[in-house]
Amino acid sequence: MNEQINVKILKSKLTIEDHKKILNYLDIPIFNETETTINYWTGDKNKDAYKGSPGKLVFYKDNKIYVGYTSGRTYDIISLCQVRLNLLNKKSNFLDAINFILECTNIQSKSVQRINKPNVCNWQSNLEKFIRFKNNESIFQEYDDSILLNFSNSYYEGWINEGISIQSMIKYEIRYYDYTNQIIIPCRNKDGNLIGIRCRNLHPDRINYAKYIPLILFNNKCYKFNTNNEFYGIYYNWPAIKKKKEVILVEGEKSVLKADTWFNTNSNVLALYGSQLGLHRRNQLVKMGVNKVILALDNDFHNIGDKEYDTFEKKIFSLGKLFKGYAKVSVIYNNIGLKNAYKCSPFDFTLNEYKMLYDNQEAL
């Protein structure tokens, strides 16, 4: 029966108490608990968790993910069970972890089966099990998380110098590909599935070709995905977006990482992988209950009123029109005269400078 388990349904059924129960059975003790997190001893790295680091395995209650700050890994409950069961010299494949969770929580497998009686009145929803988007926008595709184990837990000094914390890079599973000198940037969808991996080239010859490219392995396997349909950061930040009913849209991954460094689980920032949005992603935000959108794109102009500014302004108004009748829209940009702002994201500045930009945002 376990071959038919719907993992999404199983994880959605797990309460905070269920998570506590599972980790208790895994012999991973709680160090302390806050309103937003449960901080455990590092049972993801040490067989005897008490011999590890106190509070360095952190469970975030809002999106129910675990971040191992000592191991440098991020887990959902299934992958954490696999790692821990393996440390305990027990069977630890995917189905073993599923069985362990079911036994710990007394959840009946029938209630989380993948195959259910079709609802003939809602054929479109049943079709979405196999196709990611309606209207033939894109075919559903996921990648195996284990690919990330092939890259080192090293962090680019340039990003650290720009104010992105190592903790945020660990949380977002940033890795380093030693052989090709690339930063590895995984993308997860709202449900936490790995849907693609981008690379930030560091070698000058590769940068001349492109700064960002999909990960391509030596066997030519490519971890590409349709960036026009996805948000970077949605897996971690959708709880804050849903709570605030407000989203800040930026262009690139670095801005999301910088926002996480500043605001952690209160960050409501998503990256567009560029400056285009489209109806599909607009609809995703509307369905999440967003009633205010803040555009924080790169400042692609030198001075207000120049030709580049006119182009920038047209782009902002074009994006704003997508939300007419759905949400209020405002824009954060360099309207206060910060120096060296050309091509900069509002998150490329210091926190105090960002706050000044935020306070001076303009409604469309």
Side-chain angles (χ1 to χ4, degrees), residues 36-37 56 58 60 62-63 65 67-70 72-74 151-177 181-188 198-204 207 211-212 231-237 240-241 244 246-275 294-302 331-361:
T36 58
T37 65
K56 294 296 185 180
V58 180
Y60 291 91
D62 50 9
N63 52 17
I65 65 166
V67 177
Y69 286 103
T70 301
R73 295 184 60 184
T74 301
F151 308 109
S152 63
N153 296 320
S154 301
Y155 305 103
Y156 179 48
E157 186 177 358
W159 282 12
I160 296 172
N161 292 339
E162 291 178 36
I164 297 172
S165 71
I166 291 176
Q167 287 80 7
S168 290
M169 286 192 272
I170 290 174
K171 176 179 175 180
Y172 277 79
E173 303 171 281
I174 302 300
R175 300 286 191 270
Y176 178 67
Y177 196 177
N181 192 18
Q182 293 172 311
I183 301 171
I184 298 296
I185 312 171
C187 179
R188 295 188 180 277
R198 291 226 298 175
C199 295
R200 168 60 161 91
N201 287 322
L202 297 176
H203 193 280
I207 292 175
K211 189 179 286 188
Y212 291 89
F231 291 109
Y232 182 72
I234 194 166
Y235 177 47
Y236 302 97
N237 295 340
I241 293 168
K244 297 178 181 180
E246 175 185 295
V247 66
I248 300 175
L249 298 179
V250 298
E251 293 193 23
E253 297 100 324
K254 282 173 58 182
S255 295
V256 173
L257 294 170
K258 189 77 169 287
D260 186 82
T261 298
W262 289 341
F263 308 123
N264 200 356
T265 56
N266 289 318
S267 174
N268 61 334
V269 178
L270 298 179
L272 298 171
Y273 295 106
S275 59
I294 301 174
L295 303 174
L297 306 186
D298 294 355
N299 288 272
D300 292 337
F301 60 90
H302 285 92
V331 56
I332 296 174
Y333 71 108
N334 185 26
N335 57 356
I336 59 175
L338 294 177
K339 295 182 179 180
N340 302 315
Y342 184 57
K343 297 287 185 181
C344 288
S345 160
F347 289 89
D348 286 338
F349 300 100
T350 66
L351 178 57
N352 286 336
E353 289 170 330
Y354 169 77
K355 287 180 177 178
M356 287 193 294
L357 292 171
Y358 184 91
D359 290 342
N360 284 275
Q361 65 183 271

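These values consider heavy atoms only, across backbone and side chains, with no hydrogens, waters or symmetry-generated copies.
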Examine Tyr172 together with Tyr232 and report whether their ring centres are nearer than 6.0 Å. yes
Are Lys171 and Tyr60 in a cation-pi setup, meaning NZ or CZ lies under 6.0 angstrom from the ring centre and within 45 degrees of the ring axis? yes
Hey, does Arg198 have a side-chain heavy atom less than 4.5 Å from the side chain of Tyr273? yes
Would the distance check show the side chain of Ser255 and the main-chain N or O of Glu251 forming a donor-acceptor pair, the cut-off being under 3.5 Å? no
Taking atom NZ of Lys244 as the centre, report whether more than 12 heavy atoms of other residues, nucleotides or ligands fall under 6.0 Å from it. yes
Are any side-chain N or O atoms of Asn360 and backbone N or O atoms of Met356, one a donor and one an acceptor, separated by less than 3.5 Å? yes
N/O donor-acceptor pair under 3.5 Å between Lys258 side chain and Phe347 backbone: yes
Atom pair NZ/CG of Lys343 and Asn299 - distance to nearest 0.5 Å: 10.5 Å
Check whether any side-chain heavy atom of Asp62 lies under 4.5 Å from a side-chain heavy atom of Tyr236, and answer yes or no. no
Hey, can you tell me if Tyr358 and Tyr354 have their rings parallel, tilted or perpendicular (30° and 60° cut-offs)? tilted
Could you walk me through whether Leu338 and Glu353 pass the side chain to side chain contact (heavy atoms under 4.5 Å, CB included) check? CA-CA 8 Å; Leu338 294 177; Glu353 289 170 330; 4.1 Å; yes
State which residues pass side chain to side chain contact (heavy atoms under 4.5 Å, CB included) with Thr36; sequence neighbours excluded, sorted by chain then number. Thr34
We want to know whether Asn153 and Tyr176 form a side-chain donor-acceptor pair, criterion being a heavy-atom distance below 3.5 angstrom. no
Going through the distances and angles, do Val331 and Ile294 end up as a side chain to side chain contact (heavy atoms under 4.5 Å, CB included)? CA-CA 5 Å; Val331 56; Ile294 301 174; over 6 Å; no
Using modelled atom types and a 3.5 Å cut-off, is there a donor and acceptor pairing between side-chain atoms of Ser345 and backbone atoms of Asp298? no
Would Glu162 and Lys254 pass as an ion pair if we require N to O under 4.0 Å? yes
Is there a side chain to side chain contact (heavy atoms under 4.5 Å, CB included) between Ile160 and Tyr155 once you walk through the steps? CA-CA 8 Å; Ile160 296 172; Tyr155 305 103; 4.3 Å; yes
Please tell me if the side chains of Leu270 and Val250 come closer than 4.5 Å, counting only heavy atoms from C-beta onward. no
Taking all heavy atoms of Ile174 and all of Ile185, pick out the closest pair and write down the distance. CD1-CG2, 4.0 Å
Check Glu173 with Arg188, please: is the shortest side-chain N to carboxylate O separation under 4.0 Å? yes
Specify whether Phe151 and Tyr177 have parallel, tilted or perpendicular ring planes, treating 30° as the upper limit for parallel and 60° as the lower limit for perpendicular. perpendicular
Between SG of Cys199 and OH of Tyr212, what distance do you get to the nearest 0.5 Å? 11.0 Å
At their closest point, which heavy atom of Asp260 faces which heavy atom of Ser168, and how far apart are they? OD2-OG, 2.5 Å
So do the side chains of Tyr333 and Asp300 get within less than 4.5 Å of each other, counting heavy atoms only? no
